[in-house]
Amino acid sequence: MDGQIKTAPRVLLVDDDPDVLIELQEGLGLLGIASLTASTAVDALDLVQRNDDLKVIVTDLQMPRIDGIELLRKLSVQRRKHPMAAIVITGHASLDRAVGALRLQAVDFLQKPLATEEVAHAITRAFALVEDAAAELEAQEPPESHGPRPPDLRAHYLRAHYLRALVAARADRDAIFQAGLFSDPAWEMMLDLAVAEASQRPISVTSLCIASGAPATTALRRIDDLEAAGLVTRTPDACDRRRIIVVLTDHGRGRMEAFVRRQADRFGITLD
């Protein structure tokens with residue numbers, strides 16, 4: 001079940017598809033990230049119990065018997081004193097599943113098919129969160145404390161992941177209903193801009209048009225409409241003057257913030 005590793009692994013990969021596990025473990029190994037693998041949630045729980053060095057779990061959501069959400073729930077109890085950062089992956093993105101993962105301190109939500117580099121980047125971020133949380137906890141914990149308090153690993157990335165969950169719901173809508181039936185390019189672009197900003201990732205006019213799912217001419221008109229409404233603005237990329245970056249204005253950011261908070265309240269999620 002476990003691959004041959006030269007260093008103590010800090011990552012656990014969980015998926016009921018053996019091909020995914022092999023490809024991901026080998027790919028991460030080439031990038032210098034050693035990992036253990038488990039094909040069931042039961043095996044994963046056993047490995048976590050026997051390996052205190054594990055800091056990050058990358059788990060599929062759709063698994064037999066015990067799914068990824070239940071696995072994270074069990075781990076949140078089992079690892080109270082030594083919490084793990086969780087990254088969830090799925091081939092069937094849905095809003096309720098993403099919300100369930102976020103509530104259980106998942107720090108990233110990735111959709112299949114996966115690129116190894118994408119997973120490695122998420123793992124690197126998760127390591128940083130674990131280390132930052134541990135350092136902050138050590139600095140704040142009084143000497144007379146009777147044990148560490150589990151840090152909230154969601155704080156830095158919860159907003160971005162909740163927005164990604166909203167975007168994932170769009171894919172579910174198109175899969176269930178006739179594609180394009182409820183399409184609204186302007187709203188799709190506002191969501192993508194909010195995700196980009198929360199992830200500290202610039203988004204160009206071209207990328208935004210592609211993300212909208214509308215023809216380029218239609219998408220460009222909708223960007224003009226958003227700009228006329230004072231919600232977005234365009235500016236040359238400082239690194240490449242040929243590229244135009246689209247960003248939310250203060251007004252647009254405030255409106256999206258109000259929307260996100262209202263939706264999060266409906267699901268009982270605290271974003272701060």
Side-chain angles (χ1 to χ4, degrees), residues 1-76 78-79 84-102 104-127 129-130 153 157 160-161 164-165 167-172 174-176 179 199:
M1 181 170 58
D2 302 335
Q4 295 297 320
I5 51 180
K6 297 181 180 179
T7 59
R10 297 194 296 162
V11 177
L12 174 62
L13 309 175
V14 188
D15 198 304
D16 60 337
D17 186 332
D19 293 332
V20 170
L21 283 180
I22 292 172
E23 182 178 352
L24 194 53
Q25 185 182 43
E26 291 180 350
L28 291 174
L30 292 175
L31 296 175
I33 299 176
S35 61
L36 297 177
T37 66
S39 58
T40 69
V42 173
D43 290 338
L45 290 169
D46 179 61
L47 282 171
V48 168
Q49 191 171 18
R50 292 190 288 109
N51 293 271
D52 289 337
D53 290 326
L54 291 172
K55 301 298 181 184
V56 176
I57 181 169
V58 182
T59 180
D60 190 17
L61 286 184
Q62 299 292 123
M63 294 188 295
R65 295 182 58 194
I66 301 177
D67 64 11
I69 295 294
E70 183 61 24
L71 171 60
L72 295 184
R73 186 174 292 113
K74 291 179 180 297
L75 282 176
S76 69
Q78 183 172 323
R79 297 274 293 202
M84 298 175 66
I87 298 168
V88 296
I89 56 177
T90 181
H92 308 281
S94 64
L95 183 59
D96 60 335
R97 303 287 283 171
V99 167
L102 292 173
L104 289 168
Q105 297 189 338
V107 300
D108 228 323
F109 188 87
L110 307 177
Q111 286 184 253
K112 294 179 179 179
L114 297 168
T116 302
E117 291 77 10
E118 176 187 19
V119 180
H121 186 54
I123 290 172
T124 300
R125 289 200 307 267
F127 280 150
L129 284 176
V130 171
L153 300 177
Y157 290 98
H161 302 321
R164 284 174 184 155
V167 172
R170 176 181 63 195
D172 286 342
D174 290 341
I176 295 171
S199 305

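Quick note: numbers below take in every heavy atom, side chains included, and nothing from hydrogens, waters or symmetry partners.
Here CD of Glu26 is found 11.0 Å from CG of Leu21. Values are rounded to the nearest 0.5 Å. With rounding to the nearest 0.5 Å, the separation of CG in Leu31 from CD1 in Ile123 is 9.0 Å. Interatomic distance, CG of Asn51 versus CZ of Arg10, reported as 13.5 Å (0.5 Å rounding). To the nearest 0.5 Å, atom OG1 of residue Thr116 and atom CD of residue Glu23 are 6.0 Å apart. Remark: Ile57 CD1 to Leu12 CG distance equals 4.5 Å, nearest 0.5 Å. How far CG of Leu75 is from CD of Glu70: 10.0 Å, rounded to the nearest 0.5 Å.
Using a 4.5 Å heavy-atom cutoff, the side chains of Asp16 and Thr40 are not in contact. With a 4.5 Å cut-off on side-chain heavy atoms, Leu28 and Leu13 count as touching.
Checking Leu24, Val11, Val58 one by one against Ser35, the side chain to side chain contact (heavy atoms under 4.5 Å, CB included) holds for a single residue, Val11.
With sequence neighbours excluded, the residues forming a side-chain contact (heavy atoms from CB on, under 4.5 Å) with Glu118 are Leu110, Leu114, Ala115, listed by chain and number.
Across every non-hydrogen atom of Thr59 and Leu72, the tightest pair is CG2-CD2, 4.1 Å. Contact between Ala44 and Val14 at its shortest, heavy atoms only, is CB-CG2, 3.7 Å. Closest approach of Leu71 and Ala41 over heavy atoms only: CD1-O, 3.9 Å. Residues Asp52 and Gln49 approach most closely at OD1-O, 4.4 Å, considering heavy atoms.
Counting only distance, with no hydrogens or angles, the side chain of Asp17 and the backbone of Asp19 share a donor-acceptor pair below 3.5 Å.
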